[in-house]
Amino acid sequence: MAGKKTLTFALMDAPYESARTTTAFRLMDIAARRGYDIRVFAYEGAVCVPFAQQTAHPNALHGRDAEEENHPLPKDWVAALMTEAESNGGSVDWVNCGLCVDERGVADAIEGVRRGTPGDLWSMAGESDNTLIMGTR
Amino acid sequence: MSKYLLIESRDPYESGDVGHYFDLAEGLARGGDDVTLFLVQNGVLPARRGARSDGLDAAIKAGIEILADDFSLRERAIGASDLRAGVKSSPLDAVVDGLADGAKTIWH
Amino acid sequence: MKVLQVIESAYRATQEEQDDTIVWISHAMKGAGADLNVLLRGNAVNYAVDGQDASGLAFSAWKQTQPPNMARDVAGLVDKGVEIYITEEDLAERGLGGAGLVAGVKPVPRAGVPALFAAHDQVWHW
């Protein structure tokens with residue numbers, strides 16, 4: 001696929017709740033590897049995805065300590081996505097819906113995440129080549 | 001004529017709305033639009049040979065291109081030889097290609 | 001850019017949010033200058049029914065004093081100039097006809113949805 005593109009993704013799912021989160025990151029990772037500019041509007045539970053206080057845990061059922069378990073933390077996926085995009089000449093602009101952040105008490109997001117409004121979704125979509133909405137159920 | 005990429009992440013065994021989505025794909029194709037149906041997550045479950053899905057049968061008969069996410073297939077032990085005729089395994093890149101191409105891309 | 005907001009999921013967190021968050025974001029984006037219309041389908045067709053009453057929720061001393069009012073919020077979009085389409089078959093499956101709906105909503109058959117899609121640059125299915 002020739003040419004640099006800008007794609008917007010709207011996410012709604014809280015982490016650890018839906019396969020949509022994994023699929024969304026798989027899609028955005030492909031875009032990041034292509035050096036695309038990626039715009040993310042995190043709405044509702046998705047504002048918890050880059051929450052900085054996520055903590056990995058061991059899993060006794062798996063017989064592994066925390067280090068061996070390497071439990072996925074979605075905040076690390078966000079950071080990895082940002083690094084991947086930048087290393088390929090692209091970017092990630094991750095906007096958390098501010099009201100959604102406040103009602104959930106998750107203002108402590110990782111570096112690079114900013115606070116915004118639904119107007120940001122509209123403006124990001126308008127500046128993008130395409131937009132994918134991934135609603136929750 | 002528009003290009004449509006319809007992504008189906010749900011399966012017809014849990015969600016009755018999946019049939020309506022397959023009908024929508026058919027309706028768009030009947031109207032002359034270029035339609036690709038991309039199955040992902042549990043949406044790939046009816047792609048296994050022998051699985052029952054009247055909606056998917058009809059979409060295949062209508063000649064709609066139907067792709068199934070290779071990771072979702074592998075995750076559910078559906079190998080290439082297990083796929084029903086009319087469904088092709090595909091990397092998820094096809095969705096990003098569609099978005100980059102400007103296809104009207106709709107998640108369901 | 002003209003967008004069709006497709007709303008299918010309904011009554012998911014309306015008590016906690018005091019509204020439907022996709023109806024709400026449609027209001028908010030319209031206020032920010034968005035050119036959008038709405039298609040209510042699936043269970044969300046019930047949002048256009050008059051007479052919904054979500055009042056009275058209470059957990060011990062806590063009381064819901066500002067319950068959601070979906071018909072009001074749908075009517076508010078109509079007032080803002082947003083076209084609200086609603087699928088006839090989804091209404092019929094749920095025992096609803098064209099009567100008793102919020103004024104201004106426009107029933108469309110499922111067979112008419114491709115034409116609606118064609119009339120918009122993007123389709124956002126929430």
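Below, chain A is the first sequence line, B the second, and so on; all start at residue 1.
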- [ ] Taking all heavy atoms of A/R137 and all of C/R12, pick out the closest pair and write down the distance.
- [x] C-CD, 3.3 Å

Task: Heavy-atom pairs under 4.5 Å with chain A, option from C/G31, C/A34, C/A13 with the top count - done: C/A34

What part of [X] lies closer than 4.5 angstrom to a heavy atom of chain C: side chain, backbone, both or neither?
{"X": "A/D120", "result": "neither"}
{"X": "A/S123", "result": "neither"}
{"X": "A/M134", "result": "neither"}

TODO: May I ask you to name which of A/P118, A/A10, A/G135 has the most heavy-atom pairs under 4.5 Å with chain C?
DONE: A/P118

TODO: Check whether any side-chain heavy atom of A/T131 lies under 4.5 Å from a side-chain heavy atom of C/M1, and answer yes or no.
DONE: no

TODO: Quick one: pull up CD1 in C/I25 and CD1 in A/I133 and give me the separation to the nearest 0.5 Å.
DONE: 7.5 Å

- [ ] Drop me the distance from C/W124's CH2 to A/L132's CG, to the nearest 0.5 angstrom.
- [x] 11.0 Å

- [ ] Give me the ring orientation class for A/Y43 and C/W24: parallel if the planes are under 30° apart, tilted from 30 to 60°, perpendicular past 60°.
- [x] parallel

Task: Proximity breakdown for C/E16 and chain A, heavy-atom pairs closer than 4.5 Å - done: neither

Open item on the list: Between A/T8 and C/Q122, does the side-chain contact (heavy atoms from CB on, under 4.5 Å) criterion hold? Intermediate values first, please.
Closed with: CA-CA 12 Å; A/T8 289; C/Q122 292 188 12; over 6 Å; no

